[in-house]
Amino acid sequence: MTSNTHRHIPQNQGQRQTKPTLRPLPFRLFRFPQICPGPTQNPCGYPISGGGGGGVRQPSGMERPATGVTYQRFPRVKIRELKDDYAKFELRDTDASMANALRRVMIAEVPTVAIDLVEIESNSSVLNDEFIAHRLGLIPLTSSGAMGMRFSRDCDACDGDGSCEHCSVEFHLAARATDSGQTLEVTSTKDLRSTDPKVCPVDQAREYQQALGNIDPYDADPQGDHRGILIVKLRRGQELRLRAIARKGIGKDHAKWSPAATVTFMYEPDIRINEELMETLTLEEKTSWVESSPTKVFDIDPNTQQVVVSDPEAYTYDDEVIKKAEAMGKPGLIEINAKEDSFVFTVETTGALTAYELIMNAITVLRQKLDAVRLQDDDADLGELGAHL
């Protein structure tokens, strides 16, 4: 019996592209920054710190072409925190269109590998075939090599049956409960086995690294003991045997292919306190004003008793402190504006990709999409955009 995890919508056939002849343009739309480790490590050679700026900049010494308008931008990135599944970074000297494009690509267009076809050989559990197939599809698989794989619809080396090293990976699961006094938990860690050790459930990735010798097998897991993702529970006599095929896909077609648990960005706030007006307040009034903020943005220095900005990024643009100042008869006590060319990104992944891989792959995909626009055979097809190109 064959059961699909989810009859996904056929992926956009327009994504299959041939490589047209490159034609030079009089200018570049923008240059993507290199992602560098941080302010103390800068092997890339690009500026990664600093702030301010006026959004779209015209570099000094560069003249505009005689026809058309240039929108040349040089975004800068500063990574604040970077872990395997979490990253926080600043994106400066650009605008909201670029920030949102990068966010949407990270969520919906960076490819990963997920189970897409399930063949049930035997299932006597309490869950039906479709339910189990759906649960298998949502198990995140390590997808570091997904960018180099082919989409199954584009693969000319197979017929989609899963026995192709270019576009698919085969998984097997066989579990049977024999103990009458205990429920058998079928999990992704101990029961779901891949034919390719590079593509496996994310909770098996540590075992794969140990097999390669990258991790000492005697070192304790810093994140604790993982039982894996529960697929189904079996009682005595119940059995589950199946074969599954994992394929490359993107989150735009189904959420199981999305590598991002969450991707958010916010405008960096520019908070300015009118010190002259603030000095006219008593300590009690200052305390009342500071406590009016729902988040701990402001604090009072115990030594100088002055109001200071302790965490500007905790501000949620709720205007509560502005309303409080007006209610106290002190309009203009605080001025808060959003920097329109500076954004703070927070990225969390499912584990299919590391946060660094997700960001870099998103930039690669976005560049490919822009190249597809730039390399149209006929500029007339671009409509109004063609006038600028």
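Everything numeric in this text was worked out from a predicted model, so none of it was measured. Heads up: numbering here begins at 1 and tracks the sequence.
In terms of modelled atom types and a separation under 3.5 Å, the side chain of Arg103 and the main chain of Val263 share a donor-acceptor contact. Judged by distance alone, with hydrogens and angles left aside, the side-chain atoms of Glu121 form no donor-acceptor pair with the main-chain N or O of Leu240 at under 3.5 Å. A side-chain donor-acceptor contact under 3.5 Å links Ser143 to the backbone of Val113. For Ser124 (side chain) and Glu239 (main-chain N/O), a donor-acceptor pair under 3.5 Å exists by modelled atom type. Put simply, the side chain of Thr142 gets close to the backbone of Lys198: a donor and an acceptor are under 3.5 Å apart. A donor-acceptor pair under 3.5 Å is absent between the side-chain atoms of Ser293 and the main chain of Lys296, judged by distance alone. Side-chain atoms of Lys190 come within 3.5 Å of backbone N or O of Glu185 as a donor-acceptor pair. One N or O on the side chain of Lys286 and one on the backbone of Gln305 form a donor-acceptor pair closer than 3.5 Å.
Contact record, Cys164 with Cys155: SG-SG, 3.6 Å, taken as the closest heavy-atom pair. In this structure, Glu320 and Ser292 approach most closely via the heavy-atom pair CB-O, 3.6 Å. Contact record, Ala157 with Arg150: CB-NH1, 3.9 Å, taken as the closest heavy-atom pair. Across all their heavy atoms, Ala325 and Trp289 have their closest contact at CB-NE1, 3.9 Å. Contact record, Ile245 with Ser168: CG2-CB, 3.7 Å, taken as the closest heavy-atom pair. Closest heavy-atom contact between Leu141 and Ala246: CD1-CB, 3.8 Å.
Side-chain heavy atoms closer than 4.5 Å link hydrophobic residues (I, L, V, M, F, W, Y) into clusters, and following such links, possibly through other members, connects Tyr267 to Ile271. Taking hydrophobic clusters as Ile, Leu, Val, Met, Phe, Trp and Tyr residues chained together by side-chain heavy-atom distances below 4.5 Å, Leu127 shares a cluster with Phe171. In the hydrophobic clustering of ILVMFWY residues, with side-chain heavy atoms under 4.5 Å counting as a link, Phe131 and Leu234 come out together. Leu353 and Leu138 end up in different hydrophobic clusters when Ile, Leu, Val, Met, Phe, Trp and Tyr side chains are linked at under 4.5 Å. Hydrophobic clustering (side-chain heavy atoms under 4.5 Å, transitive across Ile, Leu, Val, Met, Phe, Trp, Tyr) groups Ile229 together with Val232.
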Practice problem: Kindly determine whether Lys248 and Asp116 satisfy salt bridge (Lys or Arg N to Asp or Glu O under 4.0 Å), including the steps that lead there. | Solution: CA-CA 9 Å; Lys248 176 181 176 179; Asp116 192 43; over 6 Å; no
Quiz prompt | Residue pair Thr354, Asp85: steps toward the side-chain hydrogen bond (donor to acceptor under 3.5 Å, both in side chains) verdict | solution = CA-CA 5 Å; Thr354 64; Asp85 58 354; over 6 Å; no
Quiz item: For Thr280 and Lys330, what are the C-alpha separation, side-chain angles and deciding distance, and is it a side-chain hydrogen bond (donor to acceptor under 3.5 Å, both in side chains)?
Solution: CA-CA 9 Å; Thr280 63; Lys330 303 291 182 179; 3.1 Å; yes
Exercise. Quick one: do Glu313 and Val344 satisfy side chain to side chain contact (heavy atoms under 4.5 Å, CB included)? Show the steps, please.
Key: CA-CA 9 Å; Glu313 292 176 14; Val344 179; 3.8 Å; yes
Practice problem: Apply side chain to side chain contact (heavy atoms under 4.5 Å, CB included) to Tyr86 and Val347, showing your working. | Solution: CA-CA 6 Å; Tyr86 177 84; Val347 179; over 6 Å; no
Exercise. List the steps and the verdict of salt bridge (Lys or Arg N to Asp or Glu O under 4.0 Å) for Asp93 and Arg76.
Key: CA-CA 6 Å; Asp93 296 343; Arg76 294 187 292 175; 2.8 Å; yes
Quiz item: Run the side-chain hydrogen bond (donor to acceptor under 3.5 Å, both in side chains) check on Arg235 and Thr183 step by step: do they pass?
Solution: CA-CA 5 Å; Arg235 296 292 288 179; Thr183 300; 2.7 Å; yes
Practice problem: For Thr295 and Asp311, run side chain to side chain contact (heavy atoms under 4.5 Å, CB included): C-alpha distance rounded to whole Å, both residues' side-chain angles, the deciding distance at 0.1 Å, then the answer. | Solution: CA-CA 9 Å; Thr295 54; Asp311 188 4; over 6 Å; no
Practice problem: Could you walk me through whether Arg193 and Gln204 pass side chain to side chain contact (heavy atoms under 4.5 Å, CB included), step by step? | Solution: CA-CA 9 Å; Arg193 293 302 172 186; Gln204 293 182 14; 3.7 Å; yes
Practice problem: List the steps, then state whether side-chain hydrogen bond (donor to acceptor under 3.5 Å, both in side chains) holds for Asp95 with Ser97. | Solution: CA-CA 6 Å; Asp95 56 26; Ser97 64; 2.6 Å; yes
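Counting heavy atoms from C-beta outward, Tyr317 and Pro269 have side chains that approach closer than 4.5 Å. Contact of the Ile120 side chain with the Arg241 side chain is not registered, since no non-hydrogen atoms from C-beta on lie closer than 4.5 Å. By the 4.5 Å heavy-atom criterion applied to side chains, Arg272 and Ile334 are not counted as neighbours. By the 4.5 Å heavy-atom criterion applied to side chains, Pro201 and Pro140 are not counted as neighbours. Residues Asp179 and Gln182 meet the side-chain proximity criterion, which asks for heavy atoms closer than 4.5 Å. Between Ile231 and Asp191 the shortest side-chain heavy-atom distance does not fall below 4.5 Å. Inter-residue side-chain proximity for Val110 and Val105 is flagged as met; some heavy-atom pair is nearer than 4.5 Å. Between Val307 and Val290 the shortest side-chain heavy-atom distance falls below 4.5 Å.
Within a 6.0 Å sphere centred on CD of Glu276, other residues, nucleotides and ligands contribute 12 heavy atoms or fewer.
The distance between the ring centers of Phe345 and Phe343 does not fall below 6.0 angstrom.
Side-chain contact annotation: Glu357 with Ser144, donor-acceptor N/O pair under 3.5 Å present. For the residue pair Ser194/Asp196, the side-chain donor-acceptor check at 3.5 Å is not satisfied. For the 3.5 Å distance criterion, the side chains of Arg92 and Ser342 qualify, holding a donor opposite an acceptor. For Asn123 and Asp129, the side-chain atoms include at least one donor-acceptor pair closer than 3.5 Å. Defined by atom type and a distance below 3.5 Å, a donor-acceptor pair is present between the side-chain atoms of Lys324 and Ser288.
With rounding to the nearest 0.5 angstrom, the CD1 atom of Ile79 is 13.5 Å from the NZ atom of Lys88. Here OG of Ser258 is found 6.5 Å from CD1 of Ile107. Values are rounded to the nearest 0.5 Å. Rounded to the nearest 0.5 angstrom, Met360 CE and Met106 CE are separated by 12.0 Å. Atoms CG and CG, from Leu242 and Leu173 in turn, are 4.5 Å apart once rounded to the nearest 0.5 Å.
Classified by interplanar angle (parallel below 30°, tilted 30° to 60°, perpendicular above 60°), the ring pair His254/His134 is perpendicular.
Paired with Phe265 under the rule side chain to side chain contact (heavy atoms under 4.5 Å, CB included), one option of Leu91, Thr346, Leu102, Asn100 passes, and it is Asn100.
Between Glu109 and Arg104 there is no salt bridge, since none of the side-chain N atoms of the basic residue sits less than 4.0 Å from a carboxylate O of the acidic one. With respect to Asp318 and Lys323, no salt bridge is recorded, no charged nitrogen being found less than 4.0 Å from a carboxylate O.
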